[in-house]
Protein chains: 2
Amino acid sequence: MKAGRSKKGANSRDRILQAALQEFAHKGIDGARVDEIARVSGANKNMIYHYFRSKENLFVAVLESVYENVRSRQQDLSLRDLDPVAAMRRLIEHTADIWIEVPEFNRLLASENLHQAKHVRRSKKIQSMYSPLIDTLKGILERGVKDGVFRDGVDPVDLYISVTSLSAHYVAHHFTFDAIFKTNLMSPKKIAQRKSTISAMILRYLQP
Amino acid sequence: MKAGRSKKGANSRDRILQAALQEFAHKGIDGARVDEIARVSGANKNMIYHYFRSKENLFVAVLESVYENVRSRQQDLSLRDLDPVAAMRRLIEHTADIWIEVPEFNRLLASENLHQAKHVRRSKKIQSMYSPLIDTLKGILERGVKDGVFRDGVDPVDLYISVTSLSAHYVAHHFTFDAIFKTNLMSPKKIAQRKSTISAMILRYLQP
DNA sequence: GCACTAAAGTACCAACCAGTCAGTAAACTA
DNA sequence: TAGTTTACTGACTGGTTGGTACTTTAGTGC
């Protein structure tokens with residue numbers, strides 16, 4: 001088969017998106033090469049421009065799909081059945097897991113912030129995705145305050161940033177940390193230690 | 001003067017290094033352009049290759065100079081005169097300030113981690129710089145434990161990573177946070193709030 | 001068997017960009 | 001003052017890269 005409709009399961013658009021995700025995540029938007037995406041996806045370069053119109057648009061599409069992936073993971077945690085402390089702990093651990101399970105997300109965000117979030121700002125889709133998470137966090141905080149297990153006045157956005165920082169930065173910067181401190185931060189043991197440190201730190205911070 | 005030895009105060013090497021710092025920090029190593037560094041520094045492109053031999057070597061030189069800058073800031077804090085809690089608070093606030101005062105450091109590190117710390121690993125100079133800081137932190141922790149104000153068993157490297165994460169990630173990722181949460185995290189008010197959150201979080205974590 | 005469409009191929013371009021070449025002029029040295 | 005080193009210049013090159021034009025192949029539904 002030299003040309004014509006392929007019989008592979010995933011259609012070209014999806015395969016391009018998958019290959020682009022890897023390429024962008026590993027090399028950043030500037031280091032990534034369209035030809036390489038074409039090669040890896042097995043699609044003709046023309047198809048990339050047919051579906052996505054430009055390299056930048058492709059990057060936005062990749063960002064959106066990863067944000068969507070992460071958001072969907074955060075949705076079904078059934079935190080309402082748990083008491084506030086347990087719910088908070090679960091949310092923290094789940095947030096920490098995301099960076100390890102979806103390392104591409106972290107890398108895309110690093111690249112994106114080097115570019116002043118130019119692509120995120122262009123995507124209404126992404127910007128509409130995060131409020132539900134903050135609402136969940138707010139709900140847990142309020143329940144905790146009512147139960148007398150959390151102190152009052154903690155801003156949910158601020159708390160979300162703290163949890164994210166403690167987990168994301170560790171994973172994103174483990175290369176330089178490893179080089180400087182001569183350790184291996186991504187070993188299972190170290191990762192488990194970090195997760196318990198984060199939980200302890202946040203829960204102590206929330207204590208009345 | 002068409003050619004020949006220049007009489008300008010700052011020599012070309014320094015001007016190139018300064019321009020390269022800005023270019024690399026703003027665009028990452030892949031986005032940065034050698035021609036642009038030449039243009040901004042006012043030096044001929046050949047001078048860049050004369051002094052630094054390659055774009056990558058120039059990047060390493062930039063990294064080293066920034067690491068040196070940051071390290072020298074951390075040296076003269078005279079923390080030994082303060083009680084453990086005050087010393088810890090000062091170290092935390094100082095660490096937080098660095099990311100705001102030297103934003104280039106953060107950006108270079110982001111780019112560097114996208115490349116698996118390949119350049120940091122190449123530089124023995126950088127790798128020899130960080131142990132003194134950890135020793136300082138270790139000293140404060142030990143004094144605090146002896147005084148009964150800190151609990152025992154906290155790893156200084158782990159603590160350093162936490163402090164750094166809480167401050168660096170906030171600054172490095174404020175573009176995407178701002179876009180998603182519709183705030184302005186770099187306003188003086190928000191920055192002050194963040195600094196006090198970080199201090200509170202760390203000091204509560206260290207309580208016995 | 002015909003129209004439609006997704007997919008793929010070949011070939012190309014203009015801009016870009018890291019790195020080089022060949023040479024000049026001032027300053028230092030013996 | 002001849003010879004060497006250091007600082008500097010403008011033009012150039014060869015490979016790369018995002019993006020385009022035009023053509024061809026082959027499944028699908030009618």
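A quick note: this is a predicted structure, and the numbers were derived from the prediction, not measured.
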Query raised in the report: Between A:Ser54 and D:dG19, is there a side-chain N or O to OP1/OP2 distance below 4.0 Å?
Result: no
**Report entry** Any residue meeting side chain to side chain donor-acceptor pair (under 3.5 Å) with B:His115, in chain and number order, not counting sequence neighbours
**Finding:** B:Asp30
Query - Distance in angstrom units between A:Ile48 CD1 and D:dT20 C1', rounded - result: 14 Å
Requested in this report: Write down the distance between CD1 (B:Ile16) and C1' (D:dC8), rounded to a whole number of angstrom.
Outcome: 10 Å
Report task. Measure the distance from CZ on A:Arg53 to C1' on D:dG18 and round it to the nearest whole Å. Result -> 15 Å
Protein-nucleic acid N or O pairs under 3.5 Å, nucleotides 11-18 of chain C:
residue: C:dC17; atom: OP1; partner: B:Arg33; partner atom: NE; Å: 2.6
residue: C:dC17; atom: O5'; partner: B:Arg33; partner atom: NE; Å: 3.0
residue: C:dA18; atom: OP1; partner: B:Ala32; partner atom: O; Å: 3.3
residue: C:dA18; atom: OP1; partner: B:Arg33; partner atom: NH1; Å: 3.2
residue: C:dA18; atom: OP1; partner: B:Lys55; partner atom: NZ; Å: 3.2
residue: C:dA18; atom: OP2; partner: B:Val34; partner atom: N; Å: 3.1
residue: C:dA18; atom: N7; partner: B:Lys45; partner atom: NZ; Å: 3.1

Report summary line: Per nearest nucleotide of DNA chain D, the residue lying toward the 5' end, A:Asn44 or B:Tyr51, is B:Tyr51
Report task. Grab the CE-P distance between A:Met47 and D:dG19 for me, whole Å please. Result -> 16 Å
Query raised in the report: Between atom CG in B:Asn57 and atom C1' in C:dG19, what is the gap in whole Å?
Result: 13 Å
Query raised in the report: Does the side chain of A:Arg194 come under 3.5 Å of the side chain of A:Ser199 through a donor N or O and an acceptor N or O?
Result: no
Query raised in the report: Regarding B:Arg122 and the six-membered ring of B:Phe59, is the cationic atom NZ or CZ under 6.0 Å from the ring centre and inside 45° of its axis?
Result: no
Requested in this report: Could you give me the CA-CA distance, side-chain angles and deciding distance for A:His119 and A:Glu56, then say whether side-chain hydrogen bond (donor to acceptor under 3.5 Å, both in side chains) is met?
Outcome: CA-CA 8 Å; A:His119 307 96; A:Glu56 286 219 303; 3.0 Å; yes
Requested in this report: For this output row, return yes or no: ring centroids of A:Tyr170 and A:Phe177 closer than 6.0 angstrom.
Outcome: no
Query raised in the report: Nearest-Å distance, CZ (A:Arg15) to C1' (C:dA8)?
Result: 11 Å
Query raised in the report: Which residues pass the side chain to side chain donor-acceptor pair (under 3.5 Å) test with A:His169, sequence neighbours left out?
Result: none
